[in-house]
Amino acid sequence: MPSVVSSGVRRGLMFVLSSPSGAGKSTLSRLLLQDDSNIVMSVSATTRPPRPGEVDGKDYYFVDQPRFEEMVREEAFLEWAHVFSNRYGTPRGPVEAALALGRDVLFDIDWQGTQQIAQKAQGDLVRVFILPPSMQALEHRLRSRAQDSDEVIQGRMARAADEISHWAEYDYVLVNDDLERCLSQVKTILAAERLKRARQIGLAEFVKELLIPK
Ligand code: 5GP
């Protein structure tokens, strides 16, 4: 929502949600996007095969290894990383276009991608890490999704500890033991970050005008 202060377009912010697989990040992202029309999802490219129900161009751009490598060479990615045995990358173009229009961009990326974006654009970046309430709950969520084989789930559990070890590199850390509460905390963070002094266009002019004796 524009404030009385804005006289131009506020530059969008990059809102990263990271967590181990199964901590509820996809659900939180979906609900946030549903409720907030000024934030758009960054759709990543991946070499992993689609899961049942996943749609190309919506959940991911599913590309083969040669195409991914070509995109790396063309510098088409803002960041990219190996996750499990696949590659994932954030296409640069849509993100830059959205930010320039003053729209915020939501990223569901891992700690490696978050570190890369932080090196390039610290000022535009807000990093949120979602923790599961327990490792048992995490495993339970992974199993109840029933989309991955046992072997894949074991791999994801092993990776989860590694992902969690990066929690301290994030600006905000939430425990997702209650989806509604966690969603409301995510919205609160986004609302507060949008109000940061540096992100409010025209604030200096507004205050100057405010102080002119009338
Ligand atoms: P999944 O295969 O479960 O969809 O995603 C596996 C992991 O890859 C998740 O932790 C997700 O956040 C991460 N991921 C998805 N897209 C990207 C991306 O573009 N870049 C990076 N660095 N990680 C990603």
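First listed ligand is number 1; within each ligand, the first listed atom is number 1. Below, each value reflects all heavy atoms present in this structure, side chains not excepted, and no hydrogens, waters or symmetry copies.
Heavy atoms of R51 come nearer than 4.0 angstrom to ligand 1 in at least one pair. At least one heavy atom of E79 lies less than 4.0 angstrom from ligand 1. For F107, the heavy-atom gap to ligand 1 stays at 4.0 angstrom or more. Under a 4.0 angstrom heavy-atom cut-off, E163 registers as lying outside contact with ligand 1.
In summary, the atoms of ligand 1 found under 4.0 Å from a heavy atom of G113, numbered by their order in the structure, are 22 (N). In summary, the atoms of ligand 1 found under 4.0 Å from a heavy atom of A81, numbered by their order in the structure, are 22 (N). In the vicinity of K25, heavy-atom distances shorter than 4.0 Å reach the ligand 1 atoms 9 (C), 10 (O), 11 (C), 12 (O). Counting atoms of ligand 1 from 1 in the listed order, those under 4.0 Å from a heavy atom of R48 are 1 (P), 2 (O), 4 (O). Atoms of ligand 1 found under 4.0 Å from any heavy atom of S21 (numbered from 1 in listed order, with element): 3 (O).
Between S44 and ligand 1, at least one pair of N/O atoms sits closer than 3.5 Å. The shortest N or O to N or O distance between R156 and ligand 1 is under 3.5 Å. Ligand 1 has a nitrogen or oxygen under 3.5 angstrom from a nitrogen or oxygen of G89.
For the pairing with V16, the side chain to side chain contact (heavy atoms under 4.5 Å, CB included) check across D108, L125, V128, D171 returns one residue only, L125.
Looking at I109, V152, D110, T90 and measuring to atom 22 (N) of ligand 1, the nearest heavy atom belongs to D110.
Looking at D35 and K187, a side-chain N of the basic residue comes within less than 4.0 Å of a carboxylate O on the acidic one, giving a salt bridge. Taking 4.0 Å as the cut-off between side-chain N and carboxylate O, K214 and E209 count as a salt-bridged pair. No salt bridge links E70 with R73; every basic N to acidic carboxylate O contact stays at or beyond 4.0 Å. Taking 4.0 Å as the cut-off between side-chain N and carboxylate O, R92 and E79 do not count as a salt-bridged pair. Ion pairing of K208 with E205 is absent here, as no side-chain N (NZ or NE/NH1/NH2) approaches a carboxylate O to less than 4.0 Å. Using a cutoff of 4.0 Å between basic side-chain nitrogens and carboxylate oxygens, R156 and E151 are not scored as salt-bridged.
Considering only non-hydrogen protein atoms, atom 8 (O) of ligand 1 sits nearest to V83 CG1, 3.7 Å. The protein heavy atom nearest to atom 14 (N) of ligand 1 is D108 O, 3.6 Å. Among protein heavy atoms, the minimum distance from atom 5 (O) of ligand 1 is reached at Y60 OH, 3.3 Å.
L190 has its side chain within reach of F15: a pair of non-hydrogen atoms, C-beta onward, lies under 4.5 Å apart. Residues F129 and L17 fail the side-chain proximity criterion, which asks for heavy atoms closer than 4.5 Å.
For E75, the CD atom sits in a loose shell: 12 or fewer heavy atoms of surrounding residues, nucleotides or ligands are nearer than 6.0 Å.
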